[in-house]
Amino acid sequence: MLDPRRLRSNLDDVAAALRRRGFELDTARFSALEEKRKALQVETQELQNERNTRSKAIGQAKARGEDIEPMRARVAEIGARLEQVAKALDEVQAELDGMLLEIPNIPHASVPDGEGEDDNVEVRRWGEPPAFEFKPLDHVALGELHGMDFAAASKLAGARFVVLQGPLARLHRALIQFMLDLHTQEHGYEEVYVPYLVNADSMRGTGQLPKFEQDLFALKGEQGFYLIPTAEVPVTNLARDEIIEARDLPRRLVAHTPCFRSEAGSYGKDVRGMIRQHQFEKVELVQLVPPAESYQALEALTGHAEAVLRRLELPYRVVTLCTGDMGFSAAKTYDIEVWLPGQERYREISSCSNFEDFQARRMQARWRNPETGKPELLHTLNGSGLAVGRCLVALLENCQEADGRIRLPEALRPYMGGQAYLEPRK
RNA sequence: GGAGGGUUGGCCGAGUGGUUGAAGGCACUGGUCUUGAAAACCAGCAGGGGUUAGCGCCCCUCCAGGGUUCGAAUCCCUGACCCUCCGCCA
């Protein structure tokens, strides 16, 4: 959520900034609502003031043993009027809040203008796409050799699921352990275990609700649970309604969770293989930092995600998302894209974003600024470190040998019982 | 699933209808004292919002939402969450 005060005082500037990312702010509607709100709020507060003052006087009169009946009648009148005005104010405020919740974040000045994926700007590359002396297979064909079973998954659940068998399932698990160990032991993150079902408040806090409900899986029943689409939701919401002391910052948290996404609106995209699933595993990095440090933290966090690919010896590039391709809540995002020989292109494997105070304002996540002594909004960041399924895909495709074996990078071998290769099952 | 207890400021904790936005303690900040630190003492210290050039003034908030009342942290109803005991259970 953007700062309502900023909207009030700089409406045109905000509208111009939002236009960069293709969002047209209805300034006329906002101004009209805001004007109504102001008038109603002032009137409400004046009436409340009068009621309070007179009620106090009644208390004092009563203590002196005076007759209070006439005074009571006057205050009752005020109360009746107050009720009407307050109701009108509530309605306007609700409409205004609804509008604010659907306005996306303002892109940082360093974010390039653009309309979509094609306008993203490459920042750097690492590693060389492997040169094969044979025709490399894609992960679906390789998966067939190693125990990746889409038919079984479709029987159990449907499309966009996978079953992994034997050593491949172990490799999948090994990747998770490796990533968690790297981030906790070398990058200073604290590992957390969190619920995979969350309430609507949490979804609102990070920005999935109210606008993107169709992307989520919601559970039947009265509890109002949603399946998390990413660990970002439970982990970032740890800070919701909290005031964190400056000495406890920055907070660096890492969690491994399954992620559940309905993928509504992506019909026909990536239907083959395990690139786009309803259920996948992810290791997520989250940082809570003082505002002055957030862009520095974004660079560091992106580096932590990159480190995973370097250790796994997988070639990748980093791109800055353009204004038109960024997510709703982000002020700036780097995508890390890994090379996939099966597709002969780089594909997203991590998305690292600084949300500035956009999420923090929604969830009232604050810190105590020692310079002012006051609670102020934090900046929140997160990034995949990494998406496990896609990492498995990249590993299969990049590390394949002519005979269908998969050469395991050194970093993973301790997690695979010392094996250097994954042998085909058939 | 059954029965009971609870939810107050950053934390702990008093407070059952009227200057209580809330005693006291801890933590924190500033000061006195000290070579320095600690201790002791003094002072300050909730959050959100409106309005104002500013000083300030005002409003809201004691889990949430309703209700009673001139007036609610305090009374009533509903809900959420936490705790204890019983049952069940990985």
Side-chain angles (χ1 to χ4, degrees), chain A residues 1-11 30-31 33-101 193-205 209 219 221-226 234 237-249 251 288 290 357 360-378:
Chain A
M1 194 162 98
L2 300 178
D3 186 351
R5 276 170 298 199
R6 185 166 170 193
L7 280 156
R8 277 176 219 146
S9 54
N10 295 306
L11 188 57
F30 180 83
S31 303
L33 282 172
E34 178 53 24
E35 203 174 313
K36 265 198 228 169
R37 188 227 96 227
K38 192 164 168 174
L40 287 168
Q41 183 163 347
V42 169
E43 190 178 355
T44 303
Q45 295 190 354
E46 279 169 357
L47 287 169
Q48 284 170 330
N49 183 14
E50 200 169 338
R51 184 197 59 191
N52 292 347
T53 311
R54 287 173 188 270
S55 289
K56 237 173 230 178
I58 290 177
Q60 288 165 346
K62 202 175 169 190
R64 288 191 300 266
E66 296 170 10
D67 177 23
I68 58 172
E69 280 314 312
M71 302 171 83
R72 266 165 77 154
R74 291 268 336 242
V75 184
E77 267 172 54
I78 295 170
R81 264 187 66 207
L82 177 61
E83 204 172 327
Q84 287 181 352
V85 180
K87 193 179 164 220
L89 176 62
D90 280 350
E91 284 167 8
V92 170
Q93 193 64 61
E95 201 176 340
L96 211 44
D97 288 346
M99 191 176 175
L100 283 168
L101 281 175
Y193 170 81
V194 292
Y196 304 156
L197 305 179
V198 298
N199 55 34
D201 282 343
S202 296
M203 288 295 186
R204 242 187 311 276
L209 290 180
L219 265 61
E222 286 161 22
Q223 292 129 320
F225 287 142
Y226 292 89
N237 272 280
L238 286 171
R240 172 150 55 88
D241 296 322
E242 299 289 337
I243 299 171
I244 300 175
E245 293 301 330
R247 62 171 172 270
D248 296 325
L249 292 175
R251 291 275 278 151
L288 309 169
D357 63 12
R361 182 170 296 103
R362 287 175 162 242
M363 65 173 86
Q364 287 301 301
R366 295 174 294 175
W367 69 303
R368 197 172 290 279
N369 183 346
E371 284 175 26
T372 61
K374 295 286 179 190
E376 295 173 12
L377 294 173
L378 285 164

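Atom set for the values below is all heavy atoms of this structure, side chains included, hydrogens, waters and symmetry mates excluded. Within every chain, numbering begins at 1; the chains are lettered A, B, ... in the order of the sequence lines, protein sequences first and strands thereafter.
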> How far apart are the closest heavy atoms of A/Val198 and A/Pro234, and which atoms are they?
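Taking A/Val198 first and A/Pro234 second, the nearest heavy atoms are CG1-CB, 4.2 Å.
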> Are the side chain of A/Asp357 and the backbone N or O of A/Leu378 linked by a donor-acceptor pair below 3.5 Å?
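Checked: no pair found.
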> Could you tell me the separation between the CG atom of A/Asp97 and the C1' atom of B/G49, rounded to a whole number of Å?
12 Å
> Can you tell me the base-pairing partner of B/C85? Count Watson-Crick or G-U wobble geometry only, both distances below 3.5 Å, and say none if there is no partner.
B/G2
> Report the distance from atom CG of A/Asp248 to atom P of B/A27, rounded to the nearest whole Å.
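Rounding to the nearest Å, CG of A/Asp248 and P of B/A27 are 17 Å apart.
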> Should B/A43 form a Watson-Crick or G-U wobble pair with both distances under 3.5 Å, which nucleotide is its partner?
B/U29
> For B/U7, give its Watson-Crick or G-U wobble partner with both distances under 3.5 Å, or none.
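In the structure as shown, B/U7 has B/A80 as its Watson-Crick or wobble partner.
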> Quickly work out the A/Leu40 CG to B/U51 P distance and round it to whole Å.
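One finds 13 Å between P of B/U51 and CG of A/Leu40, rounded.
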> What is the base-pairing partner of B/A14, counting Watson-Crick and G-U wobble geometry with both distances under 3.5 Å?
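Looking at the geometry, B/A14 pairs with no nucleotide.
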> Rounding to a whole Å, what distance do you find between A/Arg362:CZ and B/G48:P?
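Computing the A/Arg362:CZ to B/G48:P distance gives 19 Å.
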> Any side-chain donor-acceptor pair under 3.5 Å between A/Asp241 and A/Gln364?
no
> Across the strands shown, which category fits A/Pro375 at heavy-atom distances under 4.0 angstrom: base, sugar-phosphate, nothing?
sugar-phosphate
> What contact category does A/Glu242 fall into here, base, sugar-phosphate, or nothing, at under 4.0 angstrom with non-hydrogen atoms?
nothing
> So, does A/Arg366 get its side chain near the phosphate of B/G48, meaning an N or O under 4.0 Å from OP1 or OP2?
yes
> Base, backbone or nothing for each nucleotide of nucleotides 57-76 of chain B, written B, S, -, heavy atoms under 4.0 angstrom, 5' to 3'?
-BBS---------BS-----
> Nucleotides 52-54 of chain B: which of its N/O atoms have a protein N/O under 3.5 Å away?
none

> With nearest nucleotides of RNA chain B determined for A/Gln41 and A/Glu245 from heavy-atom distances, which residue corresponds to the more 5′ nucleotide?
A/Glu245
> Verify the neighbour count for atom CD of A/Glu35: are there more than 12 heavy atoms of other residues, nucleotides or ligands below 6.0 Å?
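Atom CD in A/Glu35 is not packed in, count stays at 12 or less.
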> Please state how far atom CG in A/Leu197 lies from atom P in B/C81, giving the value in whole angstrom units.
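Atom-to-atom, A/Leu197 to B/C81, this comes out as 13 Å.
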> Mind checking the NZ-CG spacing from A/Lys38 to A/Leu40? Nearest 0.5 Å is all I need.
13.0 Å
> Hey, is the side chain of A/Arg5 poking within less than 4.0 Å of OP1 or OP2 on B/G49, counting only N and O atoms?
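True: A/Arg5 side-chain N/O within range (under 4.0 Å) of B/G49 OP1/OP2.
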> Taking atom CG of A/Leu96 and atom CG of A/Leu89, what is their separation to the nearest 0.5 Å?
10.0 Å
> So does A/Arg204 get a backbone contact from the side chain of A/Arg362, meaning a donor-acceptor N/O pair under 3.5 Å?
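Yes.
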> Rounded to the nearest 0.5 Å, what's the gap from CD on A/Gln84 to NZ on A/Lys87? Could you check?
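One finds 9.0 Å between CD of A/Gln84 and NZ of A/Lys87.
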> Going from CG on A/Leu100 to CG on A/Leu2, what distance comes out if it is rounded to the nearest 0.5 angstrom?
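Spacing of CG (A/Leu100) from CG (A/Leu2) equals 7.5 Å.
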> How long is the line joining NZ of A/Lys374 and C1' of B/G49, in whole Å?
14 Å
